[in-house]
Every structure is written in C-alpha cells, then in structure tokens.
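Some notes on the structure that comes next.
Keep in mind that the numbers below use all heavy atoms, side chains included, and drop hydrogens, waters and symmetry copies. Proteins get letters first, then strands, A, B, ... in listed order; numbering begins at 1 in each.
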Amino acid sequence: MGHIQLNNICKSFGSTEVLKNIDLEIQDGEFLILIGPSGCGKSTLMNLIAGLEDITSGEIVIGGSDVSDKSPKDRDIAMVFQSYALYPTMSVGRNISFGLEMRKVPKAKREKIVAEVAELLQINHLLDRKPGQLSGGQRQRVAMGRALARSPKAFLFDEPLSNLDAKLRVEMRTEIKKLHQRLGTTIVYVTHDQVEAMTLADRIAVLKDGVVQQLGTPYEIYNDPVNHFVADFMGSPGMNFVECVVFNDKLIIESASKSYQLAVPCAKAIKDSGLESVLLGIRPEMLTDPKPYDDSGFVQEVCFDVEVVEPMGADTVAIGKWNDTEVQVRLSPESGEVAGEGFTLQVDTSKSIIFDPRSGNRIR
Amino acid sequence: MNLKMLSGISLGRVAIYLILIVFALLYLAPLYVMLTTSLKDIEEIRSGNLLALPNDPTFYAWIKAWSSACTGSECNGLAPFFWNSVKIVVPAVLISTVVGAFNGYVLAKWKFKGSELLFGALLFGCFIPFQVILLPMAILLAKLGLANTVSGLVLVHVIYGVAFTTLFFRNYYVGIPTELVRAAQLDGAGFLNIFRHVFLPLSTPIFVVTIIWQFTQIWNDFLFGVVYSGPGTQPITVALNNLVNTSIGGKEYNVDMAAAIIAALPTLFVYVVAGKYFVRGLTAGAVKG
Ligand SMILES: Nc1ncnc2c1ncn2[C@@H]1O[C@H](COP(=O)(O)OP(=O)(O)OP(=O)(O)O)[C@@H](O)[C@H]1O
Ligand SMILES: [Mg+2]
C-alpha cells in the first residue's frame, strides 16, 4: 500500500541541478527521516513525491503503480507543511474535512471522520475556531488532523515541529511517534534536528547537495557513518576530528605537551592505504573520566589540558586540544567542576573511525 | 513642572488642530459654495454674497437639473444620462473586477512560461494615456459594430480597467502563501475550487478597493464617454458638460451646481459607505494562517 520507490530521480530548476540520481525505497509502514543542511533539496524531494513539482527525470512508484505523471490529488498522499498552511477563513473542523469534501465524501461520513480525528488528536473543543485563534501547538495538531482525515497511503512531514518551542517540540515528537505506532502508515519526515531524526526514524537518509550520502538505521548512521560529512552532521556535541601521523599501525597524538600512540580498530586498512597521516574521528562520549579497567586493548589514559568547561546538566563538555585541534570530551558533572590543566582522560578508541583527510572517505 | 509639560503638549495640539481645521475648511469651501448656490434662486445669486447662506432655500435648481435642464437640443435634464452611466458603469466594473481577480490569481499562483512577460505587458497597459488609443479603439469598435453603443463603452472600460484590476489582485494574492495552494491541491481541490474556497473568502478587502477604484474611474470618465457614445448613450459626465455649456437665456449657476453635485453623488456615496475598507484593503498585509 504505502510502499514508495524513487528510481533515479533528478530535478533541475533551470540550469541548477537540485537533486541528483536519487534512489530510495521506502517500505510500507516505514518511518523514513530525510536530514541534511539547508538547501540540500529535502523540501524539493517531498514536493516531487507529493506531485507538487514535476520530476526532471526518473520514476516515482507508489503502492506498485507509477505515479510520475499523476497530479497530486491522484497520488493519495497527505503532507504537513512547516508553516502548517491551514486555510485561514475556514473553521478547524472544515480545515480537517476539506479534503474529504473535495473528494465528494458524504456529509454524514465526513462529520464522523472529523470527530474521530479530533478525538485522536484531542482537539474536539477547537473545531469551531479559526486557525488564527489557535496556539502554535494547536495549529500543528490541526495540520496533522487534516492529513489524517483522508487516511492516505503515506504522510509527508516537512519540518513540522520547527516552529514550536523546545519543550513542545519534544512533546509533539513523542506524540508523532505514538501516532505512527498506532496507525502504521508510511511516513517521510524532513527535519534539521538530529535528535528528532535519531528518536523517530526507522531509517535515516542523509542528504547533501542533492545526493543521498547514506541510508541506514539511526544506529548505523551514528556509529558507522560512510564519510566525513555524515559523521560530522550527526551527533551533538559533534564528533571530534583530529589529523594524526601514522606510526606503524598506530596514530600519534600530542596532548598536554606529551605524545601518545593510539591503537585503532582498522589498523590494517590504514597500513594498506599507505597514507602518512589520517583523520581520526572519535565521539566525545568515548573521551571520559577514568573508568574501571578495560582490557579490550583500545583504552588508555591520556593527560589533557582542559581550557573551557560547558556544564550541560547531566554531564559536562570540556574542551582542550590534541595536535592543536580542538577536542570536546564528555565528563561527569563532578569531574567537570575540578577539570583543569593536566586532567587525566580515559580514551576509548574501540568505536573510533578513520578518514582519508583529502577525500573525506572512510578507511576501513 | 507637570503643568508646564501639560500646557506645552496642549499648545502643540492646539496648533496642529488649528492647521488641520484651516485646511479642512479650505478643502470644503468649494463644496460649501456649490451646495449653497444650488439652493439659492438666480436673483439671490446675482445680487447676494457668494459665501452667504441661502435666504430662502429652494430645490428648484435640483429638480430642473435632474428632469428638465437642456443638454444641447433636448431638455430632459440629467436623469436619462444618469441611467446611461449606471448601465455603463455597473457591467464594466463587475466584468473588469472579476477578470482582474482571475488574472491576478493566475499570475500570482499559477505561473506559466511567459507569465511574467504578460504581467509586464499588463503593467505597461496602466501607463498608456487615454489619447493614444482613441483612434485605434474607434476603428475596432466600428469593426465590431459596437460604435456609439453602451456595450462598446463597457468593452472599452473593461479593456482599459483590466490592467489595473489585474495589478491590484496579483499584488494582493502574491502575499497569500503558496503553501495554501499546495495544501489544497493535495486535498484534491482543482484550479477553480482553490479559488472559490481558499482565495475568494480572503479577498473582500481587495474586491472593495478594486470596485471603488473602477467605479470612480469609469463614472468620472469623460474622454471615452464623449468619443465613443452616440446620442442616446452619453454618460452623465458628457451630459453635465453639455448642460453647463448650453445657455438659453441667462446662465443658471444654481442649476449648474446642482447638476455637478448630482454627477458626483454616486462616487461620494461609494467612498462614504466603503471608504474604511478602502484604506484597510490598501494596507492589508500577508495572511497569517
Ligand atoms: N522554484 C525554485 N526555483 C529555483 N530554485 C529552487 C526552487 N525551489 C528550490 N530551489 C533551490 O533548490 C535548492 C533546494 O531547495 P529545498 O527547498 O529543497 O531545500 P531544503 O533542503 O528544503 O532546505 P531547508 O532545510 O532550508 O528547507 C535550493 O538551493 C533552492 O534555492
Ligand atoms: Mg525545506
């Protein structure tokens, strides 16, 4: 039903190529997140799926039939816009039922559906109001209600939460997740917010300049990024990147004026690449307070000069330098209080990843 | 200290109000003279003061201007021409406004290849002086068999007015978010349904602005009226001119004044009734959803 297949989609506006050879298969009932920097073509891709823009080349298959040349209303897809795009002169109830009205659903049935949707989203008491009389969160619900009413094959959400304040965003996020679990309808969801991406997605597609960089589960995207861009984009605070000289099969770092040799998992690949120096990628949570002894062979203690501490509540991010490059580490709030020059840091390189410094590709 | 400030403010206030009152009086003076003159009899006008109130107000001049004053060789007053004007203005305003609304809707939200060029051409149409098109339009009307007819005048006013009405509606609709169109498309609404259910309900202010504008323009038009009308189809502006220029016996200033006010009344009426929407419509910003 809600199976969406994008085959080799290209889209140009005039001479600017916005999307390049996009191949994506979205399973029925899947929650797919599209994430990427501003201007990378996320909204354009959504508009193409919805049929609001014409594809330049390629093929879009929804529920087994080729819809590339079909108009939006024949694709049976609903979209929630960033600005909500509620009809300002219609009541909330009519906003929700308008799609049914246009599809000639009888009045009695429309009223029944509106009541059900309103119940589901807890907006029963708002049905007679105009969109202008609602708060941001309520508008967001109405926009979702409008999409839900038609029970479409798939939902498209284009940054639906970006206009809400931080607390409400977290609440609505949970609600969307519950809704998806309840309805089981395919969702394609665009976001800038990588926490949203990690928490909601079955799979994440990372886009850059109109090219899909990586498609995978949140775990894969976070722990096994294919290149420097994806590794850099996901995670907050972000992954540390330090250029290191290769010595035998180890990487040399200099911290607090002392030199250390770090063992890394893909030592053989580094040796095979023949590079003299590589880019070490290591997440802040792998640089911590000393913990009970670990004999994996990838853990060692390093002396670290902390220059700045940023308490975040649950933990504290401390900033110092390795090889003259800034490095963020994650400490407990207690050691954050006392961290300074010559702090003893535990470095766990078991999950570190290595990039070719020139191309940004993984070495593995 | 407090008192000083108070008197300072009120002094400024007084000055402002004085200036405003002076200018208001200056602007109202001609209207005052017209009104009082139209209510005097001709003896009083000849002997009396221009600014004096009428001694013995009479509607003689108004009745004569409306029903029996001479406009050239006929002496039926302005009444038949008033209705001529109504027959021209009402269809011309309605047609040009509706066409402008659709044009504006298309040019703002359904862009096609060359739509910007078309809009540029329409914009250019706003700046073409009346005189330039007089002759070609006369030839066109003759070819269409519409010379000297009410329909011909309606056509001229519609063509000329569409440039303005399109501009008004297009600029208003550009401010309405395109996402509304997209949402409605996904909801299954087509071109006409989107216009009817989404755009039309938002359009009251701009309709008011356009109708006032077109009504005033067309009602007050003299040049097209004088060139393209025949003996039975002259609008009121042309008749007013004829009435003032026809003098059998002495000049009847009171009748001239009454006639001028009658000719101006409908536009005045429209401004008074819809004026506040006019200002509101001109300043209405984008619509928040
Ligand atoms: N109608 C258009 N004509 C020309 N260029 C366009 C058009 N629409 C989008 N673009 C361009 O296509 C690129 C992708 O735009 P798009 O809106 O898809 O980005 P996005 O990933 O959604 O960004 P954001 O996160 O800021 O919403 C941008 O460089 C934009 O300038
Ligand atoms: Mg976007």
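A salt bridge is absent between A:Asp54 and A:Lys11: the closest approach of a Lys/Arg side-chain nitrogen to an acidic carboxylate oxygen does not fall below 4.0 angstrom. A salt bridge does not link A:Lys107 with A:Glu101: none of the charged nitrogens is closer than 4.0 Å to a carboxylate oxygen. In this structure, A:Glu175 pairs ionically with A:Arg141, as a charged nitrogen and a carboxylate oxygen lie closer than 4.0 Å.
Between A:Phe155 and A:Tyr189, the ring center distance fails the sub-6.0 Å criterion.
Contacts of A:Asn47 with chain B are made by side-chain atoms alone, with heavy-atom separations under 4.5 Å and no backbone atom involved. Using a 4.5 Å cut-off between heavy atoms, A:Arg94 contacts chain B through its side chain alone, with no backbone atom that close. Neither the backbone nor the side chain of A:Gln133 comes within less than 4.5 Å of any heavy atom in chain B.
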